Amino acid sequence: GDEPGRGSHDLEIDWLGGYWKLPKSASSSRPSSMGGPSLRDLVVSAARTSGTATVRASHLHEVYTAVDDAVLELFGNTEPSPSALDQQHQDQPTLAAFFVARFGTACMVRQLGRTHKNLEEAQRLLNKANASENSESVMSYIDRSYGVIEARTGGGERWRRAEARFQKALEWQPTNANALYLLGMAALNDATVGSSERAVDFFSRSLLFDPDFRASYVNLAIGYLRLGQYESAVEVSDAGLARHPDAPQPHYHIGVAYCMLANDMLGKRGSESGAVGGFFGEPRESLGDLAGSGRQVRCSDRTTFEHFRSKAKLAFLRARGTDEARRRFRQKTDGVGQAEPPWLEVDCQMMESFDAEPEDCPKIKLPPNIGWTWTNFRT
């Protein structure tokens with residue numbers, strides 16, 4: 001496609017094959033309430049599945065026939081201009097507007113001016129469409145795109161300016177997972193009172209419409225940590241790891257959450273311990289699920305405390321053992337930039353506390369911006 005005079009008709013496709021992607025669980029006649037697989041585990045679009053299966057040659061050839069021309073056009077021709085797309089889809093101006101906007105956002109990092117030009121042209125095509133069917137979804141996409149531009153390039157107030165665009169995008173399309181996620185990011189980057197609650201609400205709603213999006217799991221856990229809802233932070237991080245087992249952030253958030261659960265027990269020692277039973281006093285109801293069974297059990301406070309600490313330490317070690325964490329450590333030791341999770345000063349304090357005697361454990365105070373964020377500027 002780079003040589004003058006050559007186009008899709010000069011290419012040939014050599015198909016290598018294909019495979020079926022299997023869901024996590026096999027289908028069953030039993031509903032989940034009776035021990036059958038959950039509906040989520042029966043959905044194929046998951047990051048981790050139970051494997052693949054071969055496809056019959058006849059089915060493969062049906063797919064090849066259906067997509068042959070599209071693949072040739074994709075790799076054999078230059079990118080169409082907005083005017084060409086308008087001409088090609090003149091009977092469907094809404095579709096043309098989306099294509100123009102989509103081609104514009106594809107070059108956002110390298111050619112921001114071109115992105116703006118394409119979005120303006122897409123808006124013009126929509127105006128010509130006269131509020132036809134699906135125009136709301138394209139308007140939502142355009143507003144999300146403008147918001148992402150603000151969030152990427154807008155300086156110190158970037159998320160605040162972007163938030164207005166994301167809110168407008170949500171008004172156009174109330175069930176759009178991306179708009180909800182981006183509003184969650186705007187709230188997470190807002191230091192005003194109530195912002196963490198709003199972030200949790202937006203990320204939770206985003207996951208309802210896209211339960212496979214890693215960034216929403218990661219940042220929802222941050223919202224819970226900042227609210228002091230540590231059990232919820234563990235729960236959502238575990239759910240994220242079930243779909244994205246290679247993600248380092250959930251391990252870190254689990255470690256922080258369990259550390260703070262243990263730390264909170266130390267904070268109660270003055271009022272709840274007593275002369276009898278040593279440092280932690282008499283046994284009482286556990287603060288957590290020690291056996292992973294989903295039910296509360298009775299045990300001594302010391303056992304619960306050590307359980308939380310062991311969980312926290314293991315999660316921290318897993319987070320610090322990832323490639324991304326090692327890269328951040330090298331940057332920290334080389335003096336490049338500021339320290340980042342999981343190598344913050346408070347992280348080192350938490351690690352030191354895991355092996356200390358309870359009476360020697362320092363009171364951990366989390367910074368207000370605690371969390372290993374994962375920002376994905378998807379529109």
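Here the structure is a predicted model, which is why all the values come from computation and not from measurement.
For the pair Arg214 and Asp246, the salt-bridge criterion is not met [side-chain N within less than 4.0 Å of a carboxylate O]. Ionic pairing of Lys117 and Glu120 is not present here: no N-O contact between side-chain nitrogen and carboxylate oxygen is shorter than 4.0 angstrom. With salt bridges taken as basic N to acidic carboxylate O contacts below 4.0 Å, none links Asp238 and Arg243. For the pair Glu150 and Arg161, the salt-bridge criterion is met [side-chain N within less than 4.0 Å of a carboxylate O]. The residues Asp143 and Lys168 are annotated as not salt-bridged, no charged nitrogen and carboxylate oxygen being separated by less than 4.0 angstrom. Remark: Arg327 does not engage Asp323 in a salt bridge, criterion side-chain N to carboxylate O under 4.0 Å.
The shortest side-chain heavy-atom distance between Ser145 and Thr115 does not fall under the 4.5 Å cut-off. Looking at Val236 and Tyr224, their side chains come closer than 4.5 Å, going by heavy atoms from C-beta outward.
The list of salt bridge (Lys or Arg N to Asp or Glu O under 4.0 Å) pairs with a residue in residues 338-352, not counting sequence neighbours, reads Arg328-Glu340. Judged as a side-chain hydrogen bond (donor to acceptor under 3.5 Å, both in side chains), the pairs with a partner in residues 98-113 (not counting sequence neighbours) are, in order, Arg102-Thr105, Thr105-Tyr141, Gln111-Arg114.
Aromatic ring orientation, His116 versus Tyr146: tilted (interplanar angle from 30° to 60°). Between Tyr181 and Phe203, the ring planes lie tilted relative to each other; the angle falls in the 30° to 60° range.
Note that Arg309 lies outside the cation-pi zone of Phe354, set by a 6.0 Å cut-off to the ring centre and a 45° limit from the axis. Remark: Arg378 is positioned above the aromatic ring of Phe213, its terminal NZ or CZ atom under 6.0 angstrom from the ring centre and at most 45 degrees off the axis.
In this structure, the ring of Tyr258 has its center no less than 6.0 angstrom from the ring center of Tyr230.
Cluster note: Trp374 groups with Val218 through ILVMFWY side-chain heavy atoms spaced under 4.5 Å, whether in direct contact or through intervening members. Within the hydrophobic cluster formed by Ile, Leu, Val, Met, Phe, Trp and Tyr side chains joined at under 4.5 Å, directly or through other members, Phe329 is accompanied by Trp343.
Of all heavy-atom pairs spanning Asp86 and Ala96, the tightest one is CA-CB, 4.2 Å.
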Atom pairs and distances, side-chain donor-acceptor, residues 187-200, under 3.5 Å, sequence neighbours left out:
from   : atom 1 : to     : atom 2 : distance (Å)
Asn189 : ND2    : Met185 : O      : 2.8
Asp190 : OD1    : Thr192 : N      : 3.0
Asp190 : OD1    : Thr192 : OG1    : 3.0
Asp190 : OD2    : Thr192 : OG1    : 3.0
Asp190 : OD2    : Arg198 : NH2    : 3.1
Ser195 : OG     : Asp190 : O      : 2.6
Ser195 : OG     : Thr192 : O      : 2.8
Arg198 : NH1    : Glu163 : OE2    : 3.3

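Within 6.0 Å of atom OH in Tyr64, more than 12 heavy atoms from other residues, nucleotides or ligands are found, so the atom counts as buried in its surroundings. More than 12 heavy atoms of other residues, nucleotides or ligands sit less than 6.0 Å from atom CH2 of Trp15. Within a 6.0 Å radius of CD in Glu235, no more than 12 heavy atoms belonging to other residues, nucleotides or ligands are found.
Residues forming a side-chain contact (heavy atoms from CB on, under 4.5 Å) with Pro174 (at least two apart in sequence, or on another chain): none.
Checked by atom type, the side-chain pair Ser206/Ser216 shows a donor-acceptor distance below 3.5 Å.
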